[in-house]
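Residue numbers begin at 1 in each chain, while the letters A, B, ... track the order of the sequences.
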2 protein chains.
Amino acid sequence: MPVARVRDQYHHGDLESALIATARKFTKRNGIEHLSLRKVAQEIGVSPSAAYHYFPDRDALMAAVGFSLFEELADYQERELAKITGTTAKAAKERYRALGKTYFEWAIKEPHFFNLMFSEHCLVDSKSEEKREDNRAFINLTKCLDELVSTGALEERMRGHSELLSWTVVHGATSLIVGGHLDPENYESILDDLEFSLGIRK
Amino acid sequence: MPVARVRDQYHHGDLESALIATARKFTKRNGIEHLSLRKVAQEIGVSPSAAYHYFPDRDALMAAVGFSLFEELADYQERELAKITGTTAKAAKERYRALGKTYFEWAIKEPHFFNLMFSEHCLVDSKSEEKREDNRAFINLTKCLDELVSTGALEERMRGHSELLSWTVVHGATSLIVGGHLDPENYESILDDLEFSLGIRK
DNA sequence: ACTACTATCTATACATTGTTCAGATAAAAG
DNA sequence: CTTTTATCTGAACAATGTATAGATAGTAGT
């Protein structure tokens, strides 16, 4: 059976991006576990060995897909955040909610993506640059909490306790729900509990 | 090259348990992604196809390993909890802490186990029996929170907000730290924040 | 004790996979 | 136009998951 060739040039042009994009497509459908390097190459119309010019092994391609997803999630989050304007306490509270909801909705819509991002393929050594510091989602959270304090929606004495707490609650609940260990309908009320215990009243 | 045979009987006796136990051993070392059904069979001294009498495919074996780990974690948690006796508020607070700390410590000691448990291989449909209801870790948490209330360590009005919140914080922080997205040294202070925001004072 | 039956395991085979490596081809540089 | 470098191909290999047919052992019935 002859292999279907999409391409008509010997050189692809931007094979690295194509590999990531195609691997992303396959992961979206079947999850990262069933990703085949050969099938990715075949889809692009390139020989299996071509990928090894850009990635040392299959794991590296998976990781590249995963890390690109962090950007994608942050993009989505910032787009949704931008829809909520205003400097009132009400607006700040809505943005805070949106941070949690967008994280969750994105994960629910693409569970294979979420699972890849927090799988062993995307391990970070927590001391490198891929860390909290340049984590856009974390920066957005920090900014949002500052708004909550400055608008009086969050007591100043709770500020220091709310950052990591918010992050872990949002991620933890999402993770448990995506994994099927917690019912999705609980998510909203968990955010309620979080806000309540931080003293953010409706 | 002749295959080394550990076994001297045609029938193994309890091959299903042996498969899970051996797969567990390999997972502990190398993570679930690099688990080979053939190597597991070889280690036991059995042909590769023998496994298919007990598991429909490789994924099913992985899942079996994963689900057994939930039991293992609960066992460990209950052993540690049992060490803290007494009916005072102080004892209740210590037990509450222990719930969070044991979860974390277990995950840090065996990250490959933790990753398997919350990977796509151990997906639960959240409507089945493998759910919250018969989740021993969750039951222990419930009991512990009741103790906190009855000893006066936790205000009754916070009781309803503390269950899912505690669970998601503990799991979320652990998950982020195991994945390298958060520094381990933050864990203790996250538990502090949780207790603080729930009104559990030292 | 013999026979039929069922559960358990083996042997063999196959397609697919990740990966390597020598060489072909195209693009860039001189 | 030649040389050099980057990019990709082709063929090969060992390992993997899995299917199928048959062998072996334990079990139940007589």
Side-chain angles (χ1 to χ4, degrees), chain A residues 1-27 29-66 116 119-122, chain B residues 1-27 29-66 116 119-122:
Chain A
M1 191 173 59
V3 178
R5 287 285 155 81
V6 174
R7 167 192 57 92
D8 55 345
Q9 318 169 27
Y10 194 95
H11 282 47
H12 177 277
D14 193 2
L15 184 53
E16 180 167 5
S17 308
L19 287 167
I20 295 180
T22 307
R24 200 201 94 111
K25 204 176 80 181
F26 285 175
T27 302
R29 260 207 291 279
N30 310 324
I32 195 75
E33 315 301 336
H34 304 102
L35 182 75
S36 156
L37 231 176
R38 292 182 98 108
K39 289 214 176 102
V40 169
Q42 177 174 312
E43 169 95 359
I44 300 177
V46 104
S47 106
S49 3
Y52 287 83
H53 198 76
Y54 300 95
F55 301 101
D57 54 16
R58 177 174 170 265
D59 258 25
L61 173 57
M62 293 175 166
V65 174
L116 166 58
S119 73
E120 293 195 337
H121 300 103
C122 293
Chain B
M1 193 173 56
V3 179
R5 287 286 155 82
V6 173
R7 167 193 56 94
D8 53 347
Q9 317 168 27
Y10 193 94
H11 282 48
H12 177 277
D14 194 2
L15 183 54
E16 179 167 4
S17 307
L19 286 166
I20 295 180
T22 307
R24 200 201 93 110
K25 204 175 80 180
F26 285 174
T27 301
R29 261 206 292 278
N30 308 325
I32 196 73
E33 316 302 335
H34 304 100
L35 182 75
S36 156
L37 232 177
R38 292 181 99 106
K39 289 214 177 103
V40 169
Q42 176 174 313
E43 168 96 358
I44 300 177
V46 103
S47 103
S49 2
Y52 287 83
H53 198 76
Y54 301 96
F55 301 100
D57 54 16
R58 178 174 170 265
D59 258 25
L61 173 57
M62 292 175 165
V65 173
L116 166 58
S119 73
E120 293 194 339
H121 300 103
C122 292

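- Taking A51(A) as the reference, L19(A), L37(A) meet the side chain to side chain contact (heavy atoms under 4.5 Å, CB included) condition, with sequence neighbours excluded.
- Here the C1' atom of nucleotide dC9(C) and the CG atom of D14(B) are 15 Å apart, to the nearest Å.
- Rounded to a whole Å, the CG atom of L15(B) is 16 Å from the C1' atom of dG26(D).
- Note that CE of M62(B) and CD1 of I32(B) are 4.5 Å apart. Values are rounded to the nearest 0.5 Å.
- Looking at residues two or more places apart in sequence or on another chain, you find no side chain to side chain donor-acceptor pair (under 3.5 Å) involving K39(B).
- For the side chain to side chain contact (heavy atoms under 4.5 Å, CB included) test, no residue two or more places apart in sequence or in another chain qualifies with H53(A).
- Residues from residues 53-62 of chain A lying near DNA chain D, meaning a heavy-atom separation below 4.0 Å, are H53(A), Y54(A) in numerical order.
- At whole-Å resolution of the value, OH in Y52(B) and P in dT12(C) are 18 Å apart.
- Residues forming a side chain to side chain donor-acceptor pair (under 3.5 Å) with E120(B) (at least two apart in sequence, or on another chain): H112(A), N115(A).
- Annotation: side chain to side chain contact (heavy atoms under 4.5 Å, CB included) contacts of N30(B) (sequence neighbours excluded): H34(B).
- Rounded to a whole Å, the CZ atom of F26(A) is 12 Å from the P atom of dG18(C).
- Residues meeting the side chain to side chain donor-acceptor pair (under 3.5 Å) test with R24(A), sequence neighbours left out: E72(A).
- Atoms CD (Q42(A)) and P (dC8(D)) sit 17 Å apart, rounded to a whole Å.
- Residues satisfying the side chain to side chain contact (heavy atoms under 4.5 Å, CB included) test with A64(A), not counting sequence neighbours, are I20(A), F55(A).
- If you check residues 32-39 of chain B against DNA chain D, the residues with a heavy atom closer than 4.0 Å are L35(B), S36(B), L37(B), R38(B), K39(B), listed by number.
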